[in-house]
Every structure is written in structure tokens, then in C-alpha cells.
Asker: 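After the C-alpha cells below, expect a handful of questions from me.
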Amino acid sequence: MTRTPSRPVAVAATTALLAAVALAATVLVPHLRPVATAQVAAQADPRVEQLLARMSLDDKVGQMTQVDRGALKSTSDLATYRIGSLLSGGGSAPSPNTPQSWADMYDNFQRTALSTPLGIPLIYGVDAVHGHNNVRGATIFPHNIGLGATRDPALVKRIGEATAKEVAGTGIDWNFAPCLCVARDDRWGRTYESFGEVPEIPTAMTTYIDGLQGTTLGGTPSSVLATAKHFIGDGGTAGGVDQGDARITEQELRSVHLPPFKAAVDRGVGSVMISYSSWNGVKAHGHRYLITDLLKTELGFTGFVVSDWAGIDQIDGATGFTGAEVAAAVNAGIDMVMVPTDYQRFTSLLKAEVQAGRVSTARIDDANRRILTKKFELGLFERPLTDRSLTSTVGSAAHRDLARQAVRQSQVLLRNDGVLPLAKSGRYFVAGKSADDIGNQSGGWTISWQGGSGNVTPGTTILQGIRDLVGSGATITHDRYGAGVDGSYTAAIAVVGETPYAEGQGDRPYGLGLDREDLETINRLRSAGIPVVVVLVSGRPLDIAGQVDDWDALLASWLPGTEGRGVADVLFGDYNPTGKLPVTWMTSGSQQPINAGDGKAALYPLGHGLSYLPITTSTTATTSTTTTTSTTTTSTTTTTSTTTTAPPPGGCTATARFASTWQGGFQAEVTVTNTGSARLNGWTVTWTRPGDQTINSLWNGKLTQTGTSVSVDDVGWNGTLAPGASGSFGYTASGQAVLPQPTCRAR
């Protein structure tokens, strides 16, 4: 979601034709397979049906309207226009920006909504995309790209639970998260909102939904509605252009971008947000095939669909929304429209479209049924006001400890020439624009939409984390630009990278290199002749191949959030790095887009990540003999030597399943499980494919084919498996949908 009205979009010569197609509310694309288009309604709830029977058209249109809190001309308009939902866009906050002020604001709005004749409560949404990031003092967790590096769905679920408590503690009951995009081009300014470049990683991280909603939506006071966004293909736009066009086949759309959303629907996600982007020239906000046929009918989604900020305004390529656009969006399957400002015009237009018969009463009732069902499930009718017992959880010590653990696990050690881990004694020089900047290390969507440098919210910077960790055992000197460094220091730490940005403003089509200040700072440190450790704070891989050979170590810290001590824990060896790249790291910016399996030579492949070598200790045996006139004593110390050797290979099994199928093709996932009693150091899976079947793409594995014989080797990070642990790879194929009968050989 974006905070401010979208910037003008380029309109191609075919705009009129595309607009006509979109506004017809039925998108006919010849290559798409036929799908039943019947609405999939939420399971009937007697309370919903009883309420729906009492609602006027004004009531129903109001429920489908979402307004930004800052756009309300008067709080009383909530009752006048029967508004069903409010939101806070990035930076839209009460003053003072405290948890208590948020709760007071929410309760005030809610009381107004409850004053209407039917007393239907509001549902209030926020973009709490890495913690409750609009609220000053909230715990800010790593952005999704860092969480993808952890490969830890259980950790992500715990983060969802913690975020839900902080969100609910301010009264809010709906979170516009998680973002399940599959980022395929690092030039895209939303890359850090993606868990990874292959569908398996964001699919695994849909556990975040379980954390937000709980086992049952509304089952606990801290349960908040989750949102799977942005449906669909925003991570695959040409050139990585935000709000651009995903010019891809349906096969690629289904195999790469759909699996995380299917997993979200299977987990019972309550809402889905539509993408600003287009699919082959048609805006998703007006795409009936994608919203109604694919999401609601084929996937069986029974929650409600919400537009993105002013997203329906873009359907016809012109500024502002029209009645035709409103009808196109609603008929395509959008249930709630994030207007977000001119709600008087929107409600008037939607009513007019219904009265003119261009939007059916059945479609309006379906949208209301979906929205009201979630309000009832959340318990808003019974418990409409803030549970103040949760307010104290905002920024709590327990949540900050969890965030610190997430930071530790998200760090990816890309290069180490033996300098790491650093000893907690010695003299260290810390430099770089992000060493002592909580805003830089938190990134966009932190207090404001685009984020900002500086002391934007309480937390521990990486510099402070280093100082706290080493205490009095080491001397820490800091200068942002590296002034004063010399050869007397044990090592230097350069914390460099990107400054905050969000969608649109984060697009970097003309280069992904370090800026001049970063390069000059690093060179200044190198000139001292001491080891230089580079800590890269960024929302994506950067173009560093021309410099990295001059660095002694490189740690990808992503955007760690408020708990910078987690970075220090890894630098100084309190935590052995376990993070693995969730994206392919380019050798050159000219390679973009670069992804696993595309044949382009990477600087560091998907899944790369080093750990510190185990310490080998040995004790030298000594034998001493002491002789006196009365006695002879001989004492012997036994030699102890510890060396690390790879255990012998264990056994493994491979099982295959369909992830999705379509006419003429399918996507399969193969899971490899270590069935032995020792660690597995690698595996090879083999099978024979049918003669008319062609493997088109494969990820998380190294593919070899000879005739119909198929062999797949692990790619390192998914090949080292503890006893009982599993790794996986996936592929798409055309031809008959026949699963392989794979065999596994351990290495």
C-alpha cells in the first residue's frame, strides 16, 4: 500500500483499448483456460444474514468504503456515510504518536460508528509490515527480505504473534501484511518487502498469517485480520518498475507468483489486497479473471478483497476515479475500496452504478457478506473497543528480545577471510553512515511511509549494540566518515548501504552500486592497512563485485530494524551466522533481472551463506617425574584433541507432490528428508520423466538431464540436513501432469 496518491502512470498508445477491456468488467484473454466464474461466497452466518436483511443501500455502500483517518472532514462523517473501515497510511498517526493516543483515537472513531442505527463497528487497518511500524516506540523487526534469510517459518510465526499483540494494543484489528510477492528484479523498490525470489520461501513464511490471526480468527484478544498482498505478479514487472506491467505467461504467473497466495488462502487468511501492477497490459484492479475466477473461485478464497490506496483510479489510465472505474473494480471482485480520500464522491458513484443496474445488488450483498463475516469472526460486535491490557506490550522487552533473535538469524555472512568473528578485546574503528542511525537500519515503512534517516524511533543502533556487547573489554572509536583511523586499530567496521525508501521512490533502474560517501569511507579505512569488515545495510543485493575482493569480510544485514545488537552478536561471535541468501546476488547490475536457474553467473547464489568454522582445541600431554629420597611421583596429563570431520552420509528419501496444475502443465515440489542418524552433507535425486514432458524451470537444485533421465543435486543450503530434517526443490513442466517417482542418494 502507498501513503500518498499515486504518481501519474505512463499510458501507452493502446490505453483506450485496455481501458475498454477493463471497464467491461470481464477480461477475455484467449490463452487463459476456461474457469467457472460463479461467486464463492463466505459460509452463511445467520448473524450476517439477519443484519444484511436490515441494511439499506447506504449502509451496504458504506461498508465497502475505506477512508484514511486524515481525510475525514469530520468524525461524524463515519456515521453520516456509514463508513465501514478506516486506515492509517504510512505516517498517518495521532499526536502525540504514542500507543495510548492510538488506542484513544481508535475508540473515539469506533464509538461514532457504533452510534448508527445498526451499530456496525469499524474495522481499522494499518501497514504493520515489520512490526507496528507506524507507532513510535514499537518493536521494529527485520524487513521481510531479512526474515526470508532466516529460513525459519516458526520464528516468523512468533513475530506475527508479537506484532498482533502490539497492533491490538493500540486498538487496530486489521494488518495489511504479509506481503507475499516474489521479487524477481532487484531494481524494484519493494524488493525488501519480499521474503525471497523463489515461491517456496514466501510460501513457507505464510506462517506469519497464523501468528497474526491465531488458530481461529478472533479466538484471542490479540487476534488481528491478516492480508495477503499484492495479488498478483507485482514482483515480476518488466524492469522492476513499481506499479508496472508483468509481461509473463499464465504458466509463469501460476508457477512463480501464485503459490504463496494459495498457501495463504489454505491458512484462512482473512483478506487479500490487489496489486497496482498490470498483467500483460490489464490493471489487476479491474481484472475479473484474476480476482473472481482465480482467487475466489479456483482457490476458494472466502474472505474479502480490498483495493490498494486509490488503486481503482488507475484502471483507465487517467487521474481520478469515475463511475465506470468503480463499477469495473467492484464487478471484478473487489469488496472494499481503499478510496482513501474522496469518500463522498465514491459512495455517491457506487450507489448510482447500483441504481443504474451496472453493479448488481447480488454483487453488493456478496461484498458485504464477506466483510461482515470477518467483523463477526473478529468479535468486533462483542468487543469493539481497545483491550488496554495489551497496550503495554508495544515495544516490550520480550518483543525486542525476539527481534534481536530475528536479526541474528537474518545476517548472511557472504565473505570472510578469517577476520570474523572479532574478539571482544582490542581496538576497533566503526564508520559509515548507517553505523549509528536507527532510521537507516530500519528502512522504509518506519514511522513514515518512506522512512527517514536519524533518530526516528527508540532502539539500539549497530554502533550502540557493539559498545554494549564488548563493554570495557574493547575500545570502540566512531567517526561516520572514517576520519582519524590509523594502523593502531585491530580492525575497522564499515556500516554502509542504502538510506530509507519505499515503493516508487525506491526503484533504481540506473544502478545498484554503493554511493560515493560509502566508497570513500571504505577506502579511507582500507588505507590504514587494517582488516576491514563491511556490514551492508540494504533492502536488496547491491552491485559490489568491483570492490568486494578488497574487503576482509562482508555481512549482509538487510534492514534489521530497531535491535542493532543482533548484528553485534554475529560480528563478535556470540551467534554463529546461519542466514542464507533469499535472493541471487548479482555480479553486475547489468544482469538484472537475475534469479536462480536462469544461467547467469552470480557473485553469490541463492542460498549462499557462510558460518564460522568450529574451533579445534588440543591439549599437549606432559609427563613429569619428581624424585625424592623417600618417594617417586609420576603424573601424566592425557592428550585431548578435537577435530571436525564430516560424518558419513546417511540415508534419504524423496517425495513429490503437485503444487499446482493447469491445462498443459504443472508445478511440482520434491521434499528430501534425512532418514539416517547422521548429518546429511548433500543429496542427489533421480527419476525418469515421461517422453512428452519437458522441464521448463527448476529452483533450489542443480538440474542434469540425459534423454528422459533426470538428476537434481542440492545447492548447498538445502543439502546439509540434520537427522529427520528436510529440504526441497521445485520445478515447472509442460506435458502430461505425471509426478516423478524419485529416488534419493545421500552424499
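Numbering starts at 1 and runs along the sequence shown. The shown structure was predicted, so the numbers you read here are calculated from the model rather than taken from an experiment.
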Asker: Give a yes or no answer on whether the side chain of Asn674 reaches the backbone of Ala678 with a donor-acceptor pair at less than 3.5 Å.
Answerer: yes
Asker: Side chains of Thr584 and Asn595: is there a donor and an acceptor less than 3.5 Å apart?
Answerer: no
Asker: Indicate the ring-plane relationship of Trp585 and Trp558, choosing parallel, tilted or perpendicular according to the 30° and 60° boundaries.
Answerer: tilted
Asker: When you look at CZ of Arg267, are more than 12 heavy atoms from neighbouring residues, nucleotides or ligands closer to it than 6.0 Å?
Answerer: yes
Asker: Does Ser611 reach the main-chain N or O of Asn576 with its side chain, forming a donor-acceptor pair under 3.5 Å?
Answerer: no
Asker: Just by distance, with hydrogens left out, do Asn144 and Glu193 show a side-chain donor and acceptor under 3.5 Å apart?
Answerer: no
Asker: When you compare the side chains of Arg747 and Thr684, does any donor N or O come within less than 3.5 Å of an acceptor on the partner?
Answerer: yes
Asker: Ignoring hydrogens and angles, state whether a donor on the side chain of Thr237 or Ser277 is under 3.5 Å from an acceptor on the partner side chain.
Answerer: no
Asker: Does Asn175 reach the main-chain N or O of Ala226 with its side chain, forming a donor-acceptor pair under 3.5 Å?
Answerer: no
Asker: When you look at Val306 and Ile334, which way does the side-chain contact (heavy atoms from CB on, under 4.5 Å) test go after all the steps?
Answerer: CA-CA 6 Å; Val306 63; Ile334 291 176; over 6 Å; no
Asker: Evaluate the side-chain contact (heavy atoms from CB on, under 4.5 Å) criterion for residues Leu413 and Tyr612: first the C-alpha distance (whole Å), next the side-chain angles of each, then the deciding distance (0.1 Å), finally the verdict.
Answerer: CA-CA 9 Å; Leu413 183 60; Tyr612 301 143; 3.6 Å; yes
Asker: Salt bridge check, Arg254 against Glu298: does any charged N sit closer than 4.0 Å to a carboxylate O?
Answerer: yes
Asker: Any idea which heavy atoms bring Ala668 and Leu739 closest together, and the distance?
Answerer: CB-CD2, 4.1 Å
Asker: If every non-hydrogen atom of Asp186 is compared with every non-hydrogen atom of Leu512, which pair is closest and at what distance?
Answerer: O-CD2, 4.0 Å
Asker: With distance as the sole test, does Thr292 use its side chain to make a donor-acceptor pair with the main-chain N or O of Ala332 at under 3.5 Å?
Answerer: yes
Asker: Just so I know, are the side chains of Val712 and Trp687 near enough to count as touching, which here means a heavy-atom distance under 4.5 Å?
Answerer: yes
Asker: How close do Pro582 and Gly148 get, counting heavy atoms only, and between which atoms?
Answerer: CB-C, 3.9 Å
Asker: Once rounded to the nearest 0.5 Å, what's the spacing between atom CH2 of Trp683 and atom SG of Cys652?
Answerer: 9.0 Å
Asker: Could you measure the distance from the CZ atom of Arg540 to the CE atom of Met586? Nearest 0.5 Å is fine.
Answerer: 8.5 Å
Asker: Assess whether side-chain contact (heavy atoms from CB on, under 4.5 Å) is satisfied between Ser538 and Leu542, documenting all intermediate values.
Answerer: CA-CA 8 Å; Ser538 67; Leu542 297 182; 4.0 Å; yes
Asker: With distance as the sole criterion, is a donor-acceptor pair present between the side chains of Ser588 and Ser590 under 3.5 Å?
Answerer: yes
Asker: Is there a side-chain contact between Lys580 and His608, using heavy atoms and a 4.5 Å cut-off?
Answerer: no
Asker: Is any NZ, NE, NH1 or NH2 atom of the basic residue among Asp335 and Lys296 found under 4.0 Å from an Asp or Glu carboxylate oxygen of the other?
Answerer: yes
Asker: How about Leu536 and Leu555: do any of their side-chain heavy atoms sit closer than 4.5 Å?
Answerer: no
Asker: For the side chain of Asp152 and the backbone of Leu155, is there at least one donor-acceptor N/O pair under 3.5 Å apart?
Answerer: yes
Asker: Would you say that Leu290 contacts Arg288 through its side chain, given a criterion of any heavy-atom pair below 4.5 Å between the two side chains?
Answerer: no
Asker: Measuring from atom OG1 of Thr694 to atom CG of Asn696, what distance do you get when rounded to the nearest 0.5 angstrom?
Answerer: 6.5 Å
Asker: Between Phe666 and Tyr731, what is the ring plane arrangement, given parallel below 30°, perpendicular above 60°, and tilted in between?
Answerer: perpendicular
Asker: For Tyr208 and Glu161, test the side chains for any donor-to-acceptor distance below 3.5 angstrom and give the result as yes or no.
Answerer: no
Asker: Are side-chain heavy atoms of Val672 and Val685 found at a separation under 4.5 Å?
Answerer: yes
Asker: What pairs with Phe195 under ring-ring contact (aromatic ring centres under 6.0 Å, His included), at least two apart in sequence or on another chain?
Answerer: none
Asker: Looking only at the side chains, is there a donor atom on one of Gln693 and Ser734 sitting less than 3.5 Å from an acceptor on the other?
Answerer: no
Asker: Could you go through Arg151 and Gln409, starting from their C-alpha distance and side-chain angles, then the distance that decides it, and tell me whether this counts as side-chain hydrogen bond (donor to acceptor under 3.5 Å, both in side chains)?
Answerer: CA-CA 9 Å; Arg151 300 295 203 280; Gln409 292 184 227; over 6 Å; no
Asker: Examine the side chains of Trp188 and Asp242 and answer whether a donor and an acceptor come within less than 3.5 Å of each other.
Answerer: yes
Asker: Search all heavy atoms of Ala149 against all heavy atoms of Val412 and return the closest pair with its distance.
Answerer: CB-CG2, 3.8 Å
Asker: For the pair Glu503 and Arg190, find out whether any cationic side-chain nitrogen is under 4.0 Å from an anionic carboxylate oxygen.
Answerer: yes
Asker: Apply ring pair (Phe, Tyr, Trp, His ring centres under 6.0 Å) to residues His287 and Trp279 and explain how you reach the verdict.
Answerer: CA-CA 9 Å; His287 211 306; Trp279 179 37; 5.8 Å; yes
Asker: Has the side chain of Gln213 got a donor or acceptor atom that lies under 3.5 Å from a matching backbone atom of Gly270?
Answerer: yes
Asker: Run the side-chain hydrogen bond (donor to acceptor under 3.5 Å, both in side chains) test on Ser728 and Thr671 for me, step by step, so that the C-alpha distance in whole Å, both residues' side-chain angles and the decisive distance to 0.1 Å come before the verdict.
Answerer: CA-CA 4 Å; Ser728 67; Thr671 300; 5.3 Å; no
Asker: Using only heavy-atom distances, determine whether the side chains of Gln411 and Ser557 contain a donor-acceptor pair under 3.5 Å.
Answerer: yes
Asker: Side chains of Thr708 and Thr688: donor-acceptor distance under 3.5 Å anywhere?
Answerer: no
Asker: Give me the atom names and distance for the closest heavy-atom approach of Ala263 to Thr203.
Answerer: CB-CG2, 3.7 Å
Asker: Just verifying a value: how many Å separate Ile145 CD1 and Glu197 CD, rounded to the nearest 0.5 Å?
Answerer: 9.5 Å
Asker: Under a 4.5 Å cut-off applied to non-hydrogen side-chain atoms, are Phe301 and Val269 in contact?
Answerer: yes
Asker: Considering only heavy atoms from C-beta outward, does the side chain of Leu147 approach that of Ile159 to under 4.5 Å?
Answerer: yes
Asker: State, without any angle test, whether Gln591 and Lys600 hold a side-chain donor-acceptor pair at a distance under 3.5 Å.
Answerer: no
Asker: Check for a donor-acceptor pair, side chain of Arg363 on one end and backbone N or O of Val330 on the other, with a separation under 3.5 Å.
Answerer: yes
Asker: Do Asp366 side-chain atoms and Ala362 backbone N/O form a donor-acceptor pair below 3.5 Å?
Answerer: no
Asker: Within the distance-only criterion (no hydrogens, no angle test), does the side chain of His130 pair as donor or acceptor with the backbone N or O of Phe141 below 3.5 angstrom?
Answerer: yes
Asker: Under 4.5 Å between any side-chain heavy atoms of Arg657 and Val670, yes or no?
Answerer: no
Asker: Determine, step by step, whether Leu217 and Leu225 satisfy the side-chain contact (heavy atoms from CB on, under 4.5 Å) criterion, reporting the C-alpha distance in whole Å, the side-chain angles of both residues, the deciding distance to 0.1 Å, and the verdict.
Answerer: CA-CA 7 Å; Leu217 184 62; Leu225 193 76; 3.5 Å; yes
Asker: In Å and rounded to the nearest 0.5 Å, what is the CD1 to NE2 distance from Ile232 to His257?
Answerer: 7.5 Å
Asker: Do you know the tightest heavy-atom contact between Cys181 and Ser194?
Answerer: O-OG, 2.9 Å
Asker: Answer yes when Lys229 and Asp234 have at least one side-chain N-carboxylate O distance shorter than 4.0 Å, and no when they do not.
Answerer: no
Asker: Please check this pair: side chain of Arg415 against backbone of Leu610, looking for a donor-acceptor N/O pair closer than 3.5 Å.
Answerer: no
Asker: Drop me the distance from Phe231's CZ to His285's NE2, to the nearest 0.5 angstrom.
Answerer: 12.5 Å
